[in-house]
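For the single chain, residues carry numbers from 1 onward in sequence order.
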Amino acid sequence: AGMNGTAIENFVCVIFNVSFMNCTWHVGRSASGNTQYFLYWKNSKEDDFTGCQNYIRDNHGRHTGCRFQNVKIGAKGAQFLVNVSRSGQNIQSYEKMIMLYEIVKLTPPLNITVNCTEASHGCEIRWQPPRTTHVKKPSCFKYEIVIENK
């Protein structure tokens with residue numbers, strides 16, 4: 001329900017540094033200048049919706065994103081809902097289901113060490129997997145090493 005073009009567009013969420021999540025969106029093409037958007041989300045069907053506490057705003061003061069802390073990544077999809085507040089205009093809401101593990105930007109590997117010896121004419125490179133809350137097996141990671149001679 002609601003007038004076409006008033007719902008948010010280009011809704012994107014990214015999880016970084018293990019448990020921080022940013023969600024952003026663009027204001028609907030047909031939404032008036034005083035339309036305000038409100039983001040709610042829940043991590044599973046059993047949870048209650050939680051409203052955003054830390055909005056990102058555009059130059060007009062409209063909410064165009066939200067920052068979340070202490071996000072826990074589960075195996076089930078998280079549900080996102082964006083409602084709007086605007087008296088006198090019929091505005092479309094927006095809903096999206098996201099598998100949180102699909103939007104994680106992993107940190108680089110930890111404790112990287114390089115040991116090169118002339119005797120073996122080679123180098124040994126070691127590291128530990130990146131920090132994460134949802135990957136339990138180190139074998140799930142694939143690594144790429146780029147070696148440059150300088």
Side-chain angles (χ1 to χ4, degrees), residues 1-114 125-150:
M3 192 169 81
N4 284 342
T6 56
I8 63 165
E9 299 174 350
N10 301 322
F11 183 80
V12 176
C13 294
V14 175
I15 296 174
F16 59 97
N17 281 355
V18 181
S19 64
F20 294 94
M21 179 170 67
N22 279 0
C23 295
T24 58
W25 59 83
H26 295 132
V27 171
R29 298 182 301 277
S30 302
S32 63
N34 62 350
T35 299
Q36 189 62 279
Y37 298 93
F38 296 93
L39 174 63
Y40 301 89
W41 83 295
K42 61 181 180 175
N43 211 356
S44 71
K45 290 180 181 178
E46 296 79 31
D47 292 342
D48 292 326
F49 276 101
T50 301
C52 175
Q53 300 297 312
N54 189 10
Y55 281 105
I56 300 166
R57 300 172 190 269
D58 68 9
N59 293 337
H60 305 288
R62 293 179 294 194
H63 301 160
T64 56
C66 184
R67 295 180 183 96
F68 297 95
Q69 297 181 33
N70 303 318
V71 173
K72 302 229 183 311
I73 300 170
K76 299 177 182 174
Q79 187 175 355
F80 293 84
L81 170 65
V82 180
N83 283 335
V84 293
S85 170
R86 166 74 170 85
S87 59
Q89 189 177 3
N90 192 8
I91 305 290
Q92 290 177 317
S93 61
Y94 176 90
E95 283 190 62
K96 185 170 186 175
M97 185 75 78
I98 298 176
M99 300 302 290
L100 295 183
Y101 65 84
E102 293 178 349
I103 62 169
V104 174
K105 300 293 181 196
L106 295 171
T107 61
L110 303 170
N111 300 325
I112 300 170
T113 60
V114 179
I125 304 170
R126 293 180 179 260
W127 60 86
Q128 293 175 331
R131 287 186 8 229
T132 177
T133 61
H134 66 289
V135 178
K136 304 301 180 207
K137 298 181 194 172
S139 61
C140 291
F141 293 104
K142 291 184 180 180
Y143 301 94
E144 180 178 316
I145 299 173
V146 177
I147 298 174
E148 296 179 3
N149 267 340
K150 292 193 176 190

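In this structure, Cys13 SG and Glu102 CD are separated by 12.5 Å, a value rounded to the nearest 0.5 Å. How far CD of Gln128 is from CG of Asn111: 4.0 Å, rounded to the nearest 0.5 Å. In this structure, His63 NE2 and Cys23 SG are separated by 14.0 Å, a value rounded to the nearest 0.5 Å. Annotation: the span from Asn34 atom CG to His60 atom NE2 amounts to 12.0 Å, rounded to 0.5 Å. One finds the OG1 atom of Thr50 at 10.0 Å from the NZ atom of Lys42 (value rounded to the nearest 0.5 Å). Residue Thr35 holds its OG1 atom at 12.5 Å from CD1 of Ile8, rounded to the nearest 0.5 Å.
Between Thr113 and Ile125, every side-chain heavy-atom pair lies at or beyond the 4.5 Å cut-off. With contacts defined as side-chain heavy-atom distances shorter than 4.5 Å, the pair Met21/Ile103 qualifies. With contacts defined as side-chain heavy-atom distances shorter than 4.5 Å, the pair Thr24/Thr64 does not qualify. Put simply, the side chain of Gln36 reaches to within 4.5 Å of the side chain of Arg57, judged on heavy atoms. Taking the side chain as every heavy atom from C-beta outward, Ile145 and Trp127 approach each other to under 4.5 Å. Side-chain contact between Leu39 and Leu81 is absent, with no heavy atoms from C-beta onward closer than 4.5 Å. A 4.5 Å side-chain heavy-atom check between Pro129 and Leu110 finds every atom pair outside the cut-off. Considering only heavy atoms from C-beta on, Phe20 stays 4.5 Å or farther from Val18 through its side chain.
A search for side chain to side chain donor-acceptor pair (under 3.5 Å) contacts involving His26 returns Asn10, not counting sequence neighbours. Every residue meeting the side-chain contact (heavy atoms from CB on, under 4.5 Å) condition with Glu46, not counting sequence neighbours, appears here in chain and number order: Ser44, Lys76. Residues satisfying the side chain to side chain donor-acceptor pair (under 3.5 Å) test with Asn17, not counting sequence neighbours, are none. Listed by chain and number, the residues in a ring pair (Phe, Tyr, Trp, His ring centres under 6.0 Å) with Tyr94 are Phe11 (sequence neighbours excluded). Evaluation of the side chain to side chain donor-acceptor pair (under 3.5 Å) rule for Thr132 yields His134 as partners, not counting sequence neighbours. Considering only residues two or more places apart in sequence or on other chains, Phe49 meets the ring pair (Phe, Tyr, Trp, His ring centres under 6.0 Å) condition with none of them.
A donor-acceptor pair under 3.5 Å is formed between the side chain of Thr6 and the backbone N or O of Gln92. Distance alone, capped at 3.5 Å, places no donor-acceptor pair between the Tyr40 side chain and the Gln79 backbone. Judged by distance alone, the side chain of Gln53 and the main-chain N or O of Phe68 form no donor-acceptor pair under 3.5 Å.
When all heavy atoms of Pro108 and Pro130 are compared, the closest pair comes out as O-CB, 3.8 Å. Contact record, Ser93 with Ala7: O-CB, 4.0 Å, taken as the closest heavy-atom pair. For the residue pair Tyr37 and Ala31, the shortest heavy atom distance occurs at OH-CB, 3.3 Å.
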Set out, in order, the CA-CA distance, both residues' side-chain angles and the distance that settles disulfide (SG to SG under 2.5 Å) for Cys52 and Cys66, then state yes or no. CA-CA 6 Å; Cys52 175; Cys66 184; 1.9 Å; yes

Step by step, work out the side chain to side chain contact (heavy atoms under 4.5 Å, CB included) result for Asn43 and Trp41. CA-CA 7 Å; Asn43 211 356; Trp41 83 295; 4.1 Å; yes

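Among the candidates Leu106, Asn22, Val104, the single residue satisfying the side chain to side chain contact (heavy atoms under 4.5 Å, CB included) test with Ile15 is Val104.
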